[in-house]
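Below, chains carry the letters A, B, ... as their sequence lines are ordered, and counting in each starts from 1. Reckoned from all heavy atoms, side chains included, excluding hydrogens, waters and symmetry mates.
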Amino acid sequence: MTSFPRVLIERDTDGEDSSSSSDDDGDEEEEGEPEHQNVAEIKESVVEDWESESKKKSKASITIAFKKVCKVCKRSGHEAGFRGATYVDCPMKPCFLCKMPGHTTIDCPHRVVLDQGAVPAPRRNNRSPLDYIFERQIQNKIPMMKPAFVIPDQVDCAVIRYHSRRITCLEFHPTNNNILLSGDKVCVTQFFAFNVACSYDIAYDLEIGIIGQLGVWDFVKVHEKTVYGNIHSCILNNMRFNPANDGTLFGASSDGTVSCTDLETGMSFPLMDINPNGWQGPSTWRMLYGMDTNSDKNVVLVADNFGYLYLVDMRSNEKMREDTLIHKRGTKVVGLHCHPIQPELLLSCGNDHFARIWDMRKLDASLASLHHNRVVNSAYFSPQSGSKILTTAQDNRIRVWDSIFGNLLSPSREIVHSHDFNRHLTPFRAEWDPKDPSESLAVIGRYISENYNGAALHPIDFFDTSTGQLVAEVTEPNITTISPVNKIHPRDEVMATGSSRSIFIWRPKDKVERVEEREDAKIVLCGGSKKTNKKFGGESDESDDDTFNSKGKNSKSKRDGKSGRSALTKVKAKPMKNSKTKS
DNA sequence: ACATCATGTTGCC
DNA sequence: TGGCAACCCTGATG
């Protein structure tokens, strides 16, 4: 409260403020805001000490100042924001975590603080007879001792500022264990901006590709300071390796093509173009989002922003069937996933608040529709048996659906977890640990921060979805940014994280060399200036050839870099043009 | 320690 | 259905 100014005046007429106070829960006109009814008087430059104001304006001075208002609800008397490393919510809004009114995240029952950090509610639904049946059945099948989860919880190496924009997807190489692919995305509007302020149709006429970046990084050779440069590709919404040839990668692109990129050369060619007639206006321009490959059927599956699914033969590049509407017409299909065992089964999810299970032989009706309250960011079959489905929705809930022991009408588990939508962040997606034999470990980054000894950090959460328990929250003091993209290695005890423009490789603590050893050359700084997070990329060793070494010092100063644009040559991510031209 | 800005999407009307 | 605001913990930069 020391941050409140002593003298307050309502900032006047933000047109929408009145509307915002009306649209959000007009029920909460509590006595905490006596001055709200007196705005007119206050605007008459009645100035009050904020503390006495709460005691009903007794005196008026002449001083004029601006009243501090809450940046969330635009009202006075409180202020949302950080107090040190703890974020204080606006009390006028529903809980930012569970979305229920009446409390804030600090008091949220889904954010019980134990030791340090957040523990979710054990589960929302009461146990049903199905649960007990499930337990009895599964107990006969699994070993008595459930193997312990392996949590890669210590940063082993990192590439700082690898990409020029935020990272959108990560993919481990299917055969080379040490290769990580990363994609970023230049937004269409930015594309408009720097390409002479043109629009999509002009770009189309000019045959300008929309540029996203594809990074290929050998994270073991970071020691030897070898980082492959970035390969330009078209804007990637999703990528998958070609199951028949791990040297090529398929990409679903917003330009409506399925691209096939050769990782050696960086050359790519379109497998399919769903805008064969070119630009007919934004209402008809189709963009591809969800994608997966099916090696049994030799098809690439992609889905677009109008709800349609397309199948392309990988070898002949022929479309396999008529375009099929699989989600509400006009809504984006953001995710596709093929069942790991049964090649006919397909899972899709999209902006119509549904995830759907399909039999690919009979796509006119879905086998099941999993309803969510908000947009579904992702939906994945469990990696081994495919019997469970993990979905992430924008209502801040992770759901597990059981196709064997559950009825799929409602999730078998709901975990409240902070992963809100934010236009600046890549959408969060909960992902299975592909190595977990019990198919229960899932990872997802957390939006809201926790105060870790004075530092506001956004952990990466590991859930045991079979119990709903948070089993690990992984943090690193030097990663102060949110980590929406996380991928667990399919074979090694490794996890990759994309956080803002940087990539981090985690391993279990006992598998990481001691810090003294790794300080030498495990953090590579790419591109831009070196103002980065504290230790990572801190002081640079400019005498080095093409990378910066991390010194692990200056963990205090966040902006301690000096100049240092010079020393990055071949390693760096090519900076995007950042022209300010706008029409 | 601030201010600014980039600029996507959802959901409502 | 199309148009249009609101959007809460961003992150980089100056």
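In this view, A:Lys99 and A:Asp420 satisfy the side chain to side chain donor-acceptor pair (under 3.5 Å) rule, not counting sequence neighbours. Here A:Asp107 pairs with nothing under the salt bridge (Lys or Arg N to Asp or Glu O under 4.0 Å) rule; sequence neighbours left out. A:Ala442 is linked by a side chain to side chain contact (heavy atoms under 4.5 Å, CB included) to A:Leu390, A:Thr465, counting only residues two or more places apart in sequence or in another chain. Every side chain to side chain contact (heavy atoms under 4.5 Å, CB included) that A:Asn238 has, sequence neighbours left out, goes to A:Arg240, A:Ala252, A:Met291, A:Arg429.
A:Ile106 places its CD1 atom 16 Å from the P atom of C:dC9, with the value rounded to the nearest Å. In this structure, the OH atom of A:Tyr447 is 7 Å from the C1' atom of C:dT10, given to the nearest Å. What separates CG of A:Asp184 from C1' of C:dA12 is a distance of 15 Å, to the nearest Å. Computed from coordinates, the A:Arg165 CZ to C:dT10 C1' distance equals 12 Å when rounded to whole Å. Taking atom CG of A:Leu425 as the reference point, atom P of B:dT7 lies 15 Å away to the nearest angstrom. Nucleotide C:dC9 holds its P atom 14 Å from the CD atom of A:Glu79, rounded to whole Å. Atoms NZ (A:Lys74) and P (C:dA5) sit 15 Å apart, rounded to a whole Å. Atom NZ of A:Lys71 is separated from atom P of B:dT4 by 14 Å (rounded to the nearest Å).
C:dC8 and B:dC13: their C1' atoms are spaced 23 Å apart (whole Å). With C1' as the reference atom, C:dC9 and B:dG11 are 22 Å apart, rounded to whole Å.
Aromatic stacking is marked for A:His424 over B:dA6, as both cut-offs hold: 5.5 Å for the centres and 30° for the planes.
For A:Lys93 and C:dC7, the shortest distance from a side-chain N or O to OP1 or OP2 is below 4.0 Å. Remark: A:Arg161 is in phosphate contact with C:dT13, judged by side-chain N or O atoms under 4.0 Å from OP1 or OP2.
Two residues, A:Ser500 and A:Phe96, neighbour DNA chain C, and the one matched to the more 5' nucleotide by heavy-atom proximity is A:Phe96. Each of A:Lys328 and A:Cys90 was matched to the nucleotide of DNA chain C holding its nearest heavy atom; the match closer to the 5' end belongs to A:Lys328.
Contacts of A:Ser283 with the nucleic acid, taken as non-hydrogen atoms under 4.0 Å apart, are absent. At the heavy-atom level, A:Tyr87 lies under 4.0 Å from base atoms of the strands shown. Using a 4.0 Å heavy-atom cutoff across all strands shown, A:Ile448 reaches at least one base atom of the nucleic acid.
Taking a pair as Watson-Crick or G-U wobble with both distances under 3.5 Å, DNA chain B forms stems of 3 or more consecutive pairs at B:2-6 with C:10-14, B:8-13 with C:2-7.
Between A:Phe428 and A:Tyr447, the ring planes are parallel. Angles under 30° get that label, and only those over 60° would be called perpendicular. Relative orientation of the A:Phe463 and A:His417 rings is perpendicular, given thresholds of 30° and 60° on the angle between their planes.
Checked for salt-bridge contact, A:Arg446 and A:Asp461 meet the test: a charged N lies under 4.0 Å from a carboxylate O.
A side-chain N or O of A:Trp401 and one of A:Thr391 form a donor-acceptor pair less than 3.5 Å apart. A:Asp273 and A:Thr257 share no donor-acceptor pair across their side chains, judged by distance under 3.5 Å alone.
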Please list, for nucleotides 9-12 of chain B, all pairs of protein and nucleotide N/O atoms separated by less than 3.5 Å.
from, atom 1, to, atom 2, distance (Å)
B:dT10, OP1, A:Asn351, ND2, 2.9
B:dT10, OP2, A:Asn351, ND2, 3.0
B:dG11, OP1, A:Arg374, NE, 3.4
B:dG11, OP1, A:Arg374, NH1, 2.8
B:dG11, OP2, A:His353, NE2, 3.4

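In terms of modelled atom types and a separation under 3.5 Å, the side chain of A:Ser502 and the main chain of A:Arg161 share a donor-acceptor contact.
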